[in-house]
There are 2 protein chains.
Amino acid sequence: MKQSSPAKFSVPDLLISEREGGYARGREGHESILRAALHLLVEEGYRAMSMRRVAAACDIKLGNLTYYFPTKEDLVRELLDAVISSYEVEFEAIIHEEDVSPEQRLEEICTLILEDIRTKKTTRIFPELWALSNHDPFVLERIQELYARARAPLNSIIADINPALSVDQRETLALFISASMEGLTVFAGYDKPFENRMPWLERIAAKGFVQLVN
Amino acid sequence: MKQSSPAKFSVPDLLISEREGGYARGREGHESILRAALHLLVEEGYRAMSMRRVAAACDIKLGNLTYYFPTKEDLVRELLDAVISSYEVEFEAIIHEEDVSPEQRLEEICTLILEDIRTKKTTRIFPELWALSNHDPFVLERIQELYARARAPLNSIIADINPALSVDQRETLALFISASMEGLTVFAGYDKPFENRMPWLERIAAKGFVQLVN
DNA sequence: GATTAAATTTGTCAAGTGTCCTAATTTTGT
DNA sequence: ACAAAATTAGGACACTTGACAAATTTAATC
């Protein structure tokens, strides 16, 4: 049961790469496991995402889970891939959007990100990933790759708005803008104290970012 | 062995509230436990901060550790208090600083925060706290209290720079500025891919924030 | 319907977790 | 020196964790 969203763009929960062989039942099991793991991660945090709890959540035995994912690392990596992929397709869509002024596209992409930040999934998962990335090189690399793709559209928009900027300047600006929005997760994300101020914050962000690139 | 810092302000590792009774030796033990826990948290993450590993890290027996901290929650809460207090004293110092222009003070406080973000301790601990705060109301409340104190000096500086702003506008601006800087932790913090771009980012931040309040 | 591969169950393993308990030892104030 | 308080040491408990190795059941194909 997915919640309907009036937004122009939105991010699906998971994007699971289809596998080669196997029966239909196996593919369903595979997906339901990833969904259960995601649900557990969002609702109760990484600590709660144990193999046993994941197995129980999708109503299979532990041994069966280890059949799909021999080690927990396998599960984590695939879940991470599925989650991150779900964001990346969205950025692709925005990149290929035309017939809009650069300023409007900047505002659009900021709106997408800031709206996404308010979802429970994003608010819960990303801090978890940031923490993991401090001690897990794989998570660090994967998440930085995601952010690199998130900056790409920002980069080209900035170039459109102010062609005089150097590549370094553009990239650093995009980095600052991206980081700036991510930081709001902690304060105005789902269930956070300033969630209701997000409309104000969006306006401040839009205004500030446009001023910054000019 | 503390690293020397040329910065005007800097944050001590821990600020441990002294206890009432007890002997000197007990206080030392108390402190060394918190230091060991902090070290473990920074170096290997929250998962590694088990009672046994903390005890081993400061070379005492598990039973002894549970004498100081009967439950792990006691340890976590006190560690959290000590860590957070260490930041709060710094904000106090900045608030009481006079004879400087508002713009200069804004730049000073941003420099303090952005320099602090580059330290290993802050880069490692805060994502951990953000993740914990999603599922632990105590952590959430304590960390939001910390940020409230961090915004206080920003708030008064903003009022000085632009007295025409309403209270709400000031607070939301301070919130945005604070969040903006916190977000950089993930990208330009200790050992992060864009750590070396921090000087650029600092200039962008200073410029952008000043534009924003005017 | 038999055969083969896929999927699932059941049970076990060593290691780690937080908490609790009791006896010895050390330190402190009188 | 003495008694009380504070500290240390060590072990035990019940539980969870990730991983593994069989058996058993289910599904698709010849």
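Naming convention: chains lettered A, B, ... in sequence-line order (proteins, then strands); numbering from 1 in each chain.
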> If you check the B:K72 side chain, which of D:dT7, D:dC20, C:dG18 turns out closest?
Replying inline: C:dG18
>> Once you measure the plane-to-plane angle for B:F176 and A:F209, does it fall in the parallel (<30°), tilted (30-60°) or perpendicular (>60°) bin?
In response: tilted
> Does B:R52 make a side-chain donor-acceptor contact with the base of C:dG18, cut-off 3.5 Å?
Replying inline: yes
>> For A:E182, is there any backbone N or O sitting under 3.5 Å from a side-chain donor or acceptor partner on A:T185?
In response: yes
> Strictly under 6.0 Å, is that where the ring centroids of B:F126 and B:Y87 end up?
Replying inline: yes
> If you check every side-chain atom of A:T66, which of C:dC20, C:dT9, D:dC20 has the closest atom?
Replying inline: D:dC20
> For D:dT7, does either OP1 or OP2 sit under 4.0 Å from a side-chain N or O belonging to B:N64?
Replying inline: no
>> Output the rounded distance in Å from OH (A:Y46) to C1' (D:dT17).
In response: 12 Å
>> How many whole angstroms separate atom CG of B:L62 from atom C1' of C:dG16?
In response: 12 Å
> Between A:Y147 and B:F187, what is the ring plane arrangement, given parallel below 30°, perpendicular above 60°, and tilted in between?
Replying inline: perpendicular
>> Rounding to an integer number of Å, can you tell me how far A:F69 CZ sits from D:dG18 C1'?
In response: 15 Å
> C:dC20 C1' sits how many Å from B:D74 CG, rounded?
Replying inline: 14 Å
>> Using a heavy-atom cut-off of 4.0 Å across all strands, would you classify A:S50 as base, sugar-phosphate, or nothing?
In response: sugar-phosphate
> OP1, OP2 of C:dT8 versus side-chain N and O of A:Y67: anything below 4.0 Å?
Replying inline: no
> How close or far is atom C1' of C:dT19 from atom CG of B:L75, stated in whole angstroms?
Replying inline: 14 Å
>> I want to verify a distance call: between D:dT7, D:dA9, D:dT17, whose nearest atom is closest to the B:K61 side chain?
In response: D:dA9
>> Nearest to the A:Y68 side chain among C:dT8, D:dT17, C:dC20, which nucleotide is it?
In response: C:dT8
> Can you check the B:M51 CE to C:dT19 C1' distance for me, whole Å?
Replying inline: 8 Å
